Amino acid sequence: MDAARALREIAFWLERAGAPTYRVRAFRRAAAVVDQLPDLEERVAAGRLTALEGIGRTTAAVIEEAHRGRTPAYLAKLRSEVDVPERGAQLRAALRGDCHTHSDWSDGGSPIAEMATAARDLGHEWIALTDHSPRLKVARGLSADRLREQLDVVAELNQRLAPFRILTGIEVDILSDGSLDQEEELLARLDVVVASVHSELRMPAAEMTRRMCAAVSNPHVAVLGHCTGRLIGAGKKRPQSAFDATAVFQTCRYHGVAVEINSRPDRLDPPRELIRLARDIGCLFSIDSDAHAPGQLDWLAYGCARAEECGVPADRVINTRTADRLR
């Protein structure tokens, strides 16, 4: 087994399980060291791996086992602990891509190419890169100039990664008046625009309803992201925003905007009763990972399980489509 690949797979499973970032980085850093080693065989034979900066006892053990053709025990343990939902496997297999992901251009932890490669290895045909918009300064949101620069980077990567495709996009903030936090000309150039509320989450219901309806009425919006804004993780909880879900979902249906089923374990947004309401109204859906790291791309399984449980048909899930048919 290739040692660097084993280290990166361990990082992937740690990310999927929500492990602390420092643990994940240790394995990715070790993989980068192994990539540059001209004398791996000699160092393994002599037991001198830990003399290298970035290689500790745990990563050295993984490298030694992999280099000797064995599946590292730590990797085998992580594989055996993967939480796979009982439902949603058929829908998960039908997904061709992911409409909501982040890179280190905003608040993600990995480069665009690394996210794209991980998505490709999971069997995706495409991935939408949707880094944050400028108002979300805590997430290093992209100014118009930085977004234009990113478009050039994506174009170059698509030449290298073809036929896999990175779709250009943004997770744009829905401002308090329902307008969007990016230039209209730029939004028109993007493949996927996910519109989300990140501020004033306790706004009165009537105002929040008007705000969200105005946003999804924008012709450039493809997806309404994590619509209630709730957080349900053990470390941080936040109640859902109040709004007239029927009015919002009817507006989504009218404009062909997909309601996101956000797969992050600390969001799982919207709640089941709202997924069922959107289903009954006739909305489209997008089952997204909202991944900020490669391992989190596999969180799609949780969203697919919830979608199946709520009776969402696959033909209403936009990311079962090819990239060319997404909009």
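Everything numeric in this text was worked out from a predicted model, so none of it was measured. Excluded from the calculations below are hydrogen atoms, water molecules and symmetry mates; all remaining heavy atoms, backbone and side chain alike, are included. FYI, the numbering just counts along the sequence from 1.
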> Partners of R148 by salt bridge (Lys or Arg N to Asp or Glu O under 4.0 Å), sequence neighbours excluded?
Replying inline: D145, E183, E185
>> Tell me if the CZ atom of R135 is crowded by more than 12 foreign heavy atoms within 6.0 Å.
In response: no
>> Using a 3.5 Å distance criterion without hydrogens, assess whether the side chain of R23 forms a donor-acceptor pair with backbone atoms of L14.
In response: no
> Got a donor-acceptor contact below 3.5 angstrom from the D266 side chain to the L231 backbone?
Replying inline: no
>> Strictly distance-based, threshold 3.5 Å: is any side-chain N or O of D290 a donor or acceptor partner for the main-chain N or O of R264?
In response: no
> Residues two or more places apart in sequence or in another chain: which of them pass salt bridge (Lys or Arg N to Asp or Glu O under 4.0 Å) with D244?
Replying inline: none
> What pairs with E260 under side chain to side chain donor-acceptor pair (under 3.5 Å), at least two apart in sequence or on another chain?
Replying inline: H100, N262
>> So R68 and V44, do their side chains get closer than 4.5 Å, heavy atoms only?
In response: yes
>> If only side-chain N and O atoms count, and only distance matters, is there a donor-acceptor pair under 3.5 Å linking D324 with T322?
In response: no
>> Tell me if a side-chain donor or acceptor on E308 pairs with a main-chain N or O of G88 at a distance below 3.5 Å.
In response: yes
> With D152, which residues qualify under side chain to side chain donor-acceptor pair (under 3.5 Å), at least two apart?
Replying inline: none
> So, D298 and R16, do they make that salt bridge, N to O below 4.0 Å?
Replying inline: yes
>> Quick check: closest heavy atoms across L300 and S289, and the distance to 0.1 Å?
In response: CD2-N, 3.4 Å
> Could you give the distance from SG (C310) to CZ (R272), rounded to the nearest 0.5 Å?
Replying inline: 6.5 Å
> So do the side chains of R211 and S241 get within less than 4.5 Å of each other, counting heavy atoms only?
Replying inline: no
> Can you tell me how far CG of L190 sits from CG of L151, rounded to the nearest 0.5 angstrom?
Replying inline: 6.0 Å
> Where do H226 and E171 land on the side chain to side chain donor-acceptor pair (under 3.5 Å) test, with the steps shown first?
Replying inline: CA-CA 11 Å; H226 48 69; E171 183 181 14; 3.0 Å; yes
> Can you get from I261 to L297 by hopping between Ile, Leu, Val, Met, Phe, Trp and Tyr side chains that sit under 4.5 Å apart?
Replying inline: yes
>> As an exercise, state the distance from CG of L37 to CD1 of I63, rounded to the nearest 0.5 Å.
In response: 7.5 Å
> Okay, side chain of S106, backbone of D131: is any donor-acceptor separation there less than 3.5 Å?
Replying inline: no
>> So which atom in V257 and which in V216 form the shortest heavy-atom distance, rounded to 0.1 Å?
In response: CG2-O, 3.4 Å
>> Tell me whether K77 is salt-bridged to E81, with the criterion being a basic N under 4.0 Å from an acidic carboxylate O.
In response: yes
> Can you name the closest pair of heavy atoms from A144 and Q182 and give their distance?
Replying inline: CB-OE1, 3.6 Å
>> Less than 4.0 angstrom from a charged side-chain N to a carboxylate O is my criterion; do E9 and R5 meet it?
In response: no
>> Under 4.5 Å between side-chain heavy atoms, counting indirect links through other Ile/Leu/Val/Met/Phe/Trp/Tyr residues: same cluster for L224 and L201 or not?
In response: yes
>> We want to know whether N218 and E184 form a side-chain donor-acceptor pair, criterion being a heavy-atom distance below 3.5 angstrom.
In response: yes
Just distance, no hydrogens or angles: give the donor-acceptor pairs under 3.5 Å from side chains in residues 114-124, sequence neighbours left out.
from : atom 1 : to   : atom 2 : distance (Å)
E114 : OE2    : S110 : OG     : 3.0
T117 : OG1    : A113 : O      : 2.8

>> Using every non-hydrogen atom in the two residues, find where S217 and T251 come nearest and quote the distance to one decimal.
In response: OG-CG2, 3.6 Å
>> Using a 3.5 Å distance criterion without hydrogens, assess whether the side chain of R316 forms a donor-acceptor pair with backbone atoms of C283.
In response: yes
> When you check the gap from the basic side-chain N to the acidic O, do E309 and R87 get nearer than 4.0 Å?
Replying inline: no
>> Would the distance check show the side chain of S286 and the main-chain N or O of D288 forming a donor-acceptor pair, the cut-off being under 3.5 Å?
In response: no
> Do other residues, nucleotides or ligands put more than 12 heavy atoms under 6.0 Å from R79 CZ?
Replying inline: yes
> Can any side-chain N or O of R230 pair as donor or acceptor with the backbone N or O of L268 at less than 3.5 Å?
Replying inline: yes
> With respect to F285, which candidate in T320, N319, I275, I318 satisfies the side-chain contact (heavy atoms from CB on, under 4.5 Å) definition?
Replying inline: I275
>> Suppose we screen for ring-ring contact (aromatic ring centres under 6.0 Å, His included). Which residues come up paired with H67, at least two apart in sequence or across chains?
In response: none
>> Would you say CZ of R202 has more than 12 non-hydrogen atoms from neighbouring residues, nucleotides or ligands within 6.0 angstrom?
In response: yes
>> Could you check whether atom NZ of K137 has more than 12 heavy atoms from other residues, nucleotides or ligands sitting under 6.0 Å from it?
In response: no
>> Given H292, which partner from the list T21, T101, D107 fulfils the side-chain hydrogen bond (donor to acceptor under 3.5 Å, both in side chains) test?
In response: D107
>> Keeping R238 on the side-chain end and G229 on the backbone end, is there a donor-acceptor pair under 3.5 Å?
In response: yes
>> Looking at H102 and T130, would you say the former's side chain and the latter's main chain have a donor-acceptor pair under 3.5 Å?
In response: yes
> CG of L326 to SG of C99: how many Å apart, nearest 0.5 Å?
Replying inline: 4.5 Å
> Taking all atoms of both residues into account, what is the closest heavy-atom pair of R306 and P270, and its distance?
Replying inline: NH2-O, 3.3 Å
>> Looking at R8 and D2, is any side-chain nitrogen of the basic one under 4.0 Å from a carboxylate oxygen of the acidic one?
In response: no
> When you look at CD of E273, are more than 12 heavy atoms from neighbouring residues, nucleotides or ligands closer to it than 6.0 Å?
Replying inline: yes
> What heavy-atom pair brings G282 and R253 nearest, and what distance separates the two atoms?
Replying inline: O-CG, 3.8 Å
